[in-house]
There are 2 protein chains.
Amino acid sequence: MPEINIRALAKELNLSIGTVSKALKDSYEISAETKRRVLEVAKKLHYAPNPYASSLRRKKSNTIAVVVPEVADSYFSQAIKGIEEIAQLKGYHVLVYLTYESYAREKQILDEFTNGRVDGLLISVSSETCSTGHIEALNSNKVPVVFFDRAIDETDAAKITTNDYDSGYEATRHLIERGCRKIAYLSISNLLVINTKRMMGFRNAMTDSKLHVDDNNIVNCSNDDNENNRILTEVLKQKNRADGIISSVEKLITPVYTICKQLKLQIPADLKVLCFSNLSTAHILNPSLTTITQPAFDMGKMAATVLFKAVEKRNYNWQDENLVIPSKLYIRDSTGG
Amino acid sequence: MPEINIRALAKELNLSIGTVSKALKDSYEISAETKRRVLEVAKKLHYAPNPYASSLRRKKSNTIAVVVPEVADSYFSQAIKGIEEIAQLKGYHVLVYLTYESYAREKQILDEFTNGRVDGLLISVSSETCSTGHIEALNSNKVPVVFFDRAIDETDAAKITTNDYDSGYEATRHLIERGCRKIAYLSISNLLVINTKRMMGFRNAMTDSKLHVDDNNIVNCSNDDNENNRILTEVLKQKNRADGIISSVEKLITPVYTICKQLKLQIPADLKVLCFSNLSTAHILNPSLTTITQPAFDMGKMAATVLFKAVEKRNYNWQDENLVIPSKLYIRDSTGG
DNA sequence: CTGAAAGCGCTAACAG
DNA sequence: CTGTTAGCGCTTTCAG
């Protein structure tokens, strides 16, 4: 803690606390000369205002929370980067919380935000989250909530998402055009809207091409790496094995590649692989990986922009904001280049 | 903001504010029955204490800052994950700030921490940082600082690092054993201690093997991707080209692989490649990448642990804490497997 | 065991 | 243009 507060500063200047406070925020009420003196002495004494005293009085924290399932993930880390950039620009502070895909943790974290700690919340929900009372509690407490990437459709809050349905459809079309007939679809949670949309895109693309979706090829993985290995090995060992794979989750790509190597399956000859992913190394993988890449950085920036507008502008119906920033298909060798 | 504060809660309970406050923190002064009633009603009314009022009064924020150059990076994102895990366990909040390798930003961010916003700081300095007044200012303001990964040797603060010198030496030894004679060393900043240590390990290993280090093979890259491409292309096009590369920076691996492909250089036949990296995709690259992998997650956890101890224990000389958690060499195909 | 009251550092309304 | 003052919501003596 600094030794010096506004009172000490005022005393040093022979001014009242009120005058100093106004001078520091460049109020029109204060003369230029006084402002200059105040700033000068403040600097000399290394005066720094106590943010929490200010927050308490103004009922505004200049802080936002970012709640994500995971940070060691190329999508979320890029999104956070976008958020942080805008926050720094606007003079806001960013609290980061991880849910590890747990609804219980998510709820526990959000319940702490009803008390003024943050002016707003950016969230990508956990894969377990279906009930949304914890989120609505914030909205009704005048803490704006903006979903990014993983939203909940029914909840009345701003949503910055990508075109998951279309991407699922496009990914599937691409594999079909490359000759796949039996395509497996990998996900980690049936609850996530992004997953259901991608999967619906997948199913519809299959149906539109008169192709059958085998239930064995809708593969639900978990958060446990060992179990995922087991599940994926089984899928790839089936006698009637798929000739194409769409992974809706980035972290499944490593096991898929690894298991293919073990089973001596050639990508793309035996199996074409496409992944929803933001990996910067996609094009130097062996073989280079065809991806649907989300605009992570832009989504983060956009989500933050909407949130700050919601925090700062009254009469702005941020809840109605529903932006869809398209993802992009990058065709590489894993689907035949 | 919630409608309900401790005063309203006290009124509802027909108790004084003081009693309620003590009951809420389970003070021994309060009877079991009263505590029960307070908790019950608090829950019913969704009472949540205002953290900033509490911080103001207690002069403690239960918040720490994490300042890193970048977050879309597998080392830093894993370290942050480790930090966040410990923080959640201890009931602390984590503010994240990015410096984008800029000293000016780093200073600006840290200058805001002299005022009670955070109880402590975890920092990995920018590649431009050599002066350390901004860091010492915090230490002397009783805000403990713990360096992780990128420390500054001369500064009196706790340091959680990895064995950079040894790793540089070991990496070089490995390439030499695999037959390399002309090894190039890539970095992004001469100022970073981690870099100078790795490089010294490299140089000493070369000298110890009676090998010459060509100045053209000490390659200083930047933060600009285009420029890096230019620089690296030039290096790999030299007539007297290196037969081994050590990249001390993860993000240079993509351009190295890409340029090798363009120049039709075979890894590992023409050129052996080793990278300091935490990439989860290292072993599915083409070819799989030999890495020196830092214990990012553990370093984050350790740094946070030391910081919280420094924050909570008086008479703990955290400044003397100087932990070195070793990195590990993973030998893969890019150096001949 | 419970209550009263001072005050953390700052802001903003109001008075001069 | 500058000063005075009443809190923001909570914690913590100290008194009973």
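Within every chain, numbering begins at 1; the chains are lettered A, B, ... in the order of the sequence lines, protein sequences first and strands thereafter.
Residue pairs meeting the side chain to side chain donor-acceptor pair (under 3.5 Å) criterion with at least one partner in residues 296-313 of chain B, sequence neighbours excluded, are B/Tyr92-B/Glu312.
Of all nucleotides listed (D/dT11, D/dC10, D/dC8), D/dC10 comes nearest to the side chain of B/Ala53. When distances run from any side-chain atom of B/Ser21 to the nucleotides C/dG9, D/dT11, C/dG3, the shortest one goes to D/dT11. Checking C/dT11, D/dC10, D/dG3 against every side-chain atom of A/Lys22, the shortest atom distance belongs to D/dG3. The side chain of A/Ser54 sits closest to C/dC10 out of D/dG3, C/dC10, D/dG9. Between D/dT11, C/dC10, C/dT2, one nucleotide has an atom nearer to the side chain of B/Leu15 than all others, and that is C/dT2.
Atom CG of B/Asn5 and atom C1' of D/dG9 are 6 Å apart (whole Å). Here the P atom of nucleotide D/dG9 and the NZ atom of B/Lys11 are 13 Å apart, to the nearest Å. Rounded to whole angstrom, the span from the CG atom of A/Asn50 across to the P atom of C/dC8 amounts to 12 Å. Rounded to an integer number of Å, the gap from B/Tyr52 OH to C/dT11 C1' is 17 Å. Here the C1' atom of nucleotide C/dA5 and the CD1 atom of B/Ile17 are 10 Å apart, to the nearest Å. Between the CG atom of B/Asn62 and the C1' atom of D/dT11 there is a distance of 14 Å, rounded to whole Å. The CD1-P distance, from A/Ile6 to D/dG3, rounds to 12 Å in whole Å. In this structure, the CZ atom of A/Arg57 is 16 Å from the P atom of D/dC10, given to the nearest Å.
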Donor-acceptor list for residues 145-159 of chain A side chains, cut-off 3.5 Å, not counting sequence neighbours:
unit_1, atom_1, unit_2, atom_2, d
A/Asp149, OD1, A/Gln294, NE2, 3.2
A/Arg150, NH1, A/Glu101, OE1, 2.8
A/Arg150, NH1, A/Glu101, OE2, 3.3
A/Arg150, NH1, A/Val125, O, 3.0
A/Arg150, NH2, A/Glu101, OE2, 2.9
A/Lys159, NZ, A/Asp153, O, 3.2
A/Lys159, NZ, A/Thr155, O, 2.8

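Legend: residues meeting side-chain contact (heavy atoms from CB on, under 4.5 Å) with A/Ala72, ordered by chain and number and at least two apart, are A/Glu70, B/Ser77, B/Gln78, B/Lys81. Partners of B/Thr162 by side-chain hydrogen bond (donor to acceptor under 3.5 Å, both in side chains), not counting sequence neighbours, listed by chain and number: B/Ser327. Every residue meeting the salt bridge (Lys or Arg N to Asp or Glu O under 4.0 Å) condition with B/Glu33, not counting sequence neighbours, appears here in chain and number order: B/Arg36.
Under the 4.5 Å side-chain criterion, counting only non-hydrogen atoms from C-beta, B/Tyr100 is in contact with A/Glu85.
Of all the residues in residues 24-34 of chain B, B/Glu29, B/Ile30, B/Ser31, B/Thr34 reach under 4.0 Å from DNA chain C with at least one non-hydrogen atom.
Contact of A/Lys59 with D/dG9 (side chain to base): no donor-acceptor pair of N or O atoms is detected under 3.5 Å.
The shortest distance between the side-chain N/O atoms of B/Tyr47 and the OP1/OP2 oxygens of D/dC10 is below 4.0 Å. OP1 or OP2 of C/dT2 has not a single side-chain nitrogen or oxygen of B/Thr19 nearer than 4.0 Å.
For A/Phe297 and A/Tyr75, the ring centers are positioned 6.0 Å apart or more.
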